[in-house]
Protein chains: 2
Amino acid sequence: MNTHHDVCQVRSVDKKKVRAVMKSMLTDQEAVHLSETFSVLADPTRTKIIYALSSEELCVCDIAGILGMSVSAISHQLRILRNMRLVKFRKEAKMVYYSLDDAHITTLFNEGLNHIRE
Amino acid sequence: MNTHHDVCQVRSVDKKKVRAVMKSMLTDQEAVHLSETFSVLADPTRTKIIYALSSEELCVCDIAGILGMSVSAISHQLRILRNMRLVKFRKEAKMVYYSLDDAHITTLFNEGLNHIRE
DNA sequence: CCCATAATTGAACATATGTTCAACTATAAG
DNA sequence: CTTATAGTTGAACATATGTTCAATTATGGG
């Protein structure tokens with residue numbers, strides 16, 4: 001609930017503009033969904049994992065080795081990526097091999113990578 | 001410093017793969033830079049602000065009105081967007097008008113928007 | 001000069017997030 | 001069956017993040 005006690009009392013300087021923008025504004029659901037999408041890529045460990053998996057299918061142990069981090073930390077992050085359907089996995093004996101499973105986010109990832117590297 | 005006490009002892013299941021991936025791996029700096037870029041868009045309030053400003057130049061008061069949030073909360077977020085050079089502003093009398101100032105991130109933003117709306 | 005309004009700022013607060021540690025499951029070898 | 005290894009998980013912990021609240025700055029009107 002919005003009590004407006006700290007919201008600008010004029011409510012709007014340009015009511016016409018305000019009404020127009022409000023009409024096309026993202027819904028809360030859209031804004032949350034959109035920001036959650038970006039959140040997946042908003043962590044250096046996860047960007048490294050995604051980058052690593054973009055060239056090779058890898059087991060948890062090797063990802064940990066490549067990033068110089070604990071298997072546990074990597075496993076926790078892989079769970080997040082799994083829940084977001086960004087990676088898929090395949091079991092073979094005692095090993096679990098991970099690979100990318102989302103062409104969409106990969107595009108977004110590469111778009112971001114191009115931006116910082118330009 | 002990495003003590004390796006919890007890192008897989010085998011160090012690598014497939015040393016060839018591991019070495020190859022490590023060679024092309026993002027640097028810490030790149031990974032942090034990349035994830036920081038995505039972090040800017042990883043908050044629903046900021047995505048709404050960016051969306052609002054993509055159609056109109058707006059003063060702080062009107063942005064607050066559109067989002068139904070306090071002027072203070074919006075101002076704090078605008079400072080973040082300003083520091084990241086995502087928005088620029090212009091003073092007129094007592095008002096401060098904000099507008100977008102980064103074509104790059106806007107592309108990334110729209111890419112994300114397309115993904116969730118497809 | 002005094003007051004009202006637009007906006008910014010810092011501190012406090014609650015919540016979210018990422019890593020560590022230890023315990024646990026699953027699989028395979030002897 | 002026992003042991004070793006790969007991986008997962010939950011709790012604890014520290015840190016980061018976003019909003020609120022109160023105080024402050026900046027601008028303009030009477």
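So that the names make sense, note that chain A is the first sequence line, chain B the second, and so on, each numbered from 1.
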Measure from the side-chain N and O atoms of Arg46(A) to the backbone N and O of Val40(A), and report whether any donor-acceptor pair falls under 3.5 Å. yes
Just so I know, are the side chains of Met25(A) and Leu67(B) near enough to count as touching, which here means a heavy-atom distance under 4.5 Å? yes
Within residues 47-55 of chain B, residues whose heavy atoms come under 4.0 Å of DNA chain D: none
With hydrophobic residues grouped by side-chain heavy-atom distances under 4.5 Å, do Met69(A) and Met22(B) end up in a single group? yes
Note: contacts of residues 25-33 of chain B with DNA chain C (heavy atom, under 4.0 Å) are none
Return the set of residues passing ring-ring contact (aromatic ring centres under 6.0 Å, His included) with Phe38(A) (not counting sequence neighbours), or none when no residue passes. none
Any protein N or O atoms within reach of nucleotides 27-29 of chain C? Criterion: under 3.5 Å, listing atom names and distances.
none

Any ring pair (Phe, Tyr, Trp, His ring centres under 6.0 Å) involving residues 62-92 of chain A? Give me the pairs, sequence neighbours left out, ordered by first then second residue. Phe89(A)-Tyr98(A)
In B/S/- notation (B base, S sugar-phosphate only, - none; protein heavy atoms under 4.0 Å), nucleotides 8-18 of chain D written 5' to 3' is BBB-------S
Using 0.5 Å steps for rounding, measure from the NE2 atom of His33(A) to the NE2 atom of His115(B). 11.0 Å
Hphob cluster co-occupancy, Leu108(A) + Ile116(B), side-chain heavy atoms under 4.5 angstrom: yes
NZ of Lys17(A) to CD of Glu57(B): how many Å apart, nearest 0.5 Å? 5.5 Å
Quick one: CG on Leu81(B) to CZ on Arg79(B), what's the gap to the nearest 0.5 Å? 11.5 Å
Audit row: Lys48(A), Asp28(B), salt bridge (Lys or Arg N to Asp or Glu O under 4.0 Å) steps and yes/no: CA-CA 9 Å; Lys48(A) 283 186 176 181; Asp28(B) 282 359; 2.4 Å; yes
Looking at CG of Asn114(A) and OG1 of Thr107(B), how far apart are the two atoms once the value is rounded to the nearest 0.5 Å? 11.0 Å
With Leu78(B), the side-chain contact (heavy atoms from CB on, under 4.5 Å) member among Val96(B), Asn83(B), Leu86(B), Ile49(B): Ile49(B)
